[in-house]
Amino acid sequence: DTGVSQDPRHKITKRGQNVTFRCDPISEHNRLYWYRQTLGQGPEFLTYFQNEAQLEKSRLLSDRFSAERPKGSFSTLEIQRTEQGDSAMYLCASSSHTGELFFGEGSRLTVL
Amino acid sequence: AQTVTQSQPEMSVQEAETVTLSCTYDTSESDYYLFWYKQPPSRQMILVIRQEAYKQQNATENRFSVNFQKAAKSFSLKISDSQLGDAAMYFCAYRGRGATNKLIFGTGTLLAVQP
């Protein structure tokens with residue numbers, strides 16, 4: 001197991017387009033988190049899954065954002081009708097129930 | 001709501017010297033965890049050290065140690081014998097005892113290590 005992997009690592013898109021990011025957590029981890037990190041800021045919590053259930057969503061997660069974790073394995077984060085303010089690094093992390101979070105390298109989104 | 005504040009946007013240290021990064025937090029909870037994470041350029045965030053609030057003893061991991069002052073809500077990180085590989089962004093983070101285990105991060109301190 002090589003840790004949390006995210007794809008794509010970089011995405012450049014035009015305003016108004018839809019984008020989707022994928023996260024593959026560490027295989028035995030049942031908890032999965034999405035964070036957003038903008039330049040000069042710390043990561044901000046977006047949403048949390050325990051197995052396939054989405055148990056918490058931040059108010060940062062507008063209606064244009066949707067996250068899924070079918071079958072409790074990989075997760076996807078989709079952003080519809082992207083805006084320039086969506087430009088950020090999107091981080092995925094996973095953990096077991098005991099709690100230490102392991103992060104992926106992130107997916108960097110640039111909206112032109 | 002809980003908040004985490006890192007008041008030092010950038011710090012610099014000479015190789016082999018010691019540096020201390022500051023962090024304060026605000027919470028009404030009595031039981032929680034505190035963490036320092038390291039984020040090297042273009043690399044994933046990794047855990048450096050963790051502290052459980054109910055433990056009075058300060059956590060230590062090799063060259064990394066913390067000064068946890070619960071009453072003052074302060075949680076500083078000391079890096080001894082600094083190495084070039086310590087250069088990175090360092091984030092202080094808080095986690096309550098809630099069900100989600102989500103972390104609340106500070107804004108980070110960029111540490112430069114001078115040879």
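So you know, we letter chains A, B, ... as the sequences are listed, proteins then strands, and number each from 1. Computation of the quantities below employed the complete heavy-atom set of this structure, encompassing side-chain atoms and omitting hydrogens, waters and symmetry-equivalent molecules.
Heavy atoms of A/Leu101 lying under 4.5 Å from chain B belong to its backbone as well as its side chain. Using a 4.5 Å cut-off between heavy atoms, A/Gln37 touches chain B through its side chain atoms alone. Only the side chain of A/Glu56 comes within less than 4.5 Å of a heavy atom in chain B; its backbone stays farther off. Looking at A/Arg9, the atoms closer than 4.5 Å to chain B (heavy atoms on both sides) all sit in the side chain, from C-beta outward.
Annotation: B/Asp31, atom CG; neighbour count of heavy atoms from other residues, nucleotides and ligands within 6.0 Å is above 12.
Side-chain N or O atoms of A/Tyr35 include one that pairs as donor or acceptor with a backbone N or O of B/Leu103 at under 3.5 Å.
Of all non-hydrogen atoms in B/Arg95 and A/Glu100, the two that sit nearest each other are NH1-N, 4.5 Å. Contact record, B/Phe91 with A/Gly42: CE2-CA, 3.4 Å, taken as the closest heavy-atom pair.
Geometric assessment of B/Lys102 against the ring of A/Tyr48 yields a negative cation-pi assignment under the 6.0 Å and 45° thresholds.
Here the CD atom belonging to A/Glu105 is positioned 10.5 Å from the CD atom belonging to B/Gln39, to the nearest 0.5 angstrom.
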- Steps toward side-chain contact (heavy atoms from CB on, under 4.5 Å) verdict (B/Met45, A/Leu91): CA-CA 9 Å; B/Met45 199 154 352; A/Leu91 298 171; 3.9 Å; yes
- A/Phe103 and B/Tyr37: CA distance, side-chain angles, deciding distance, ring-ring contact (aromatic ring centres under 6.0 Å, His included) verdict: CA-CA 10 Å; A/Phe103 284 84; B/Tyr37 277 85; 5.6 Å; yes
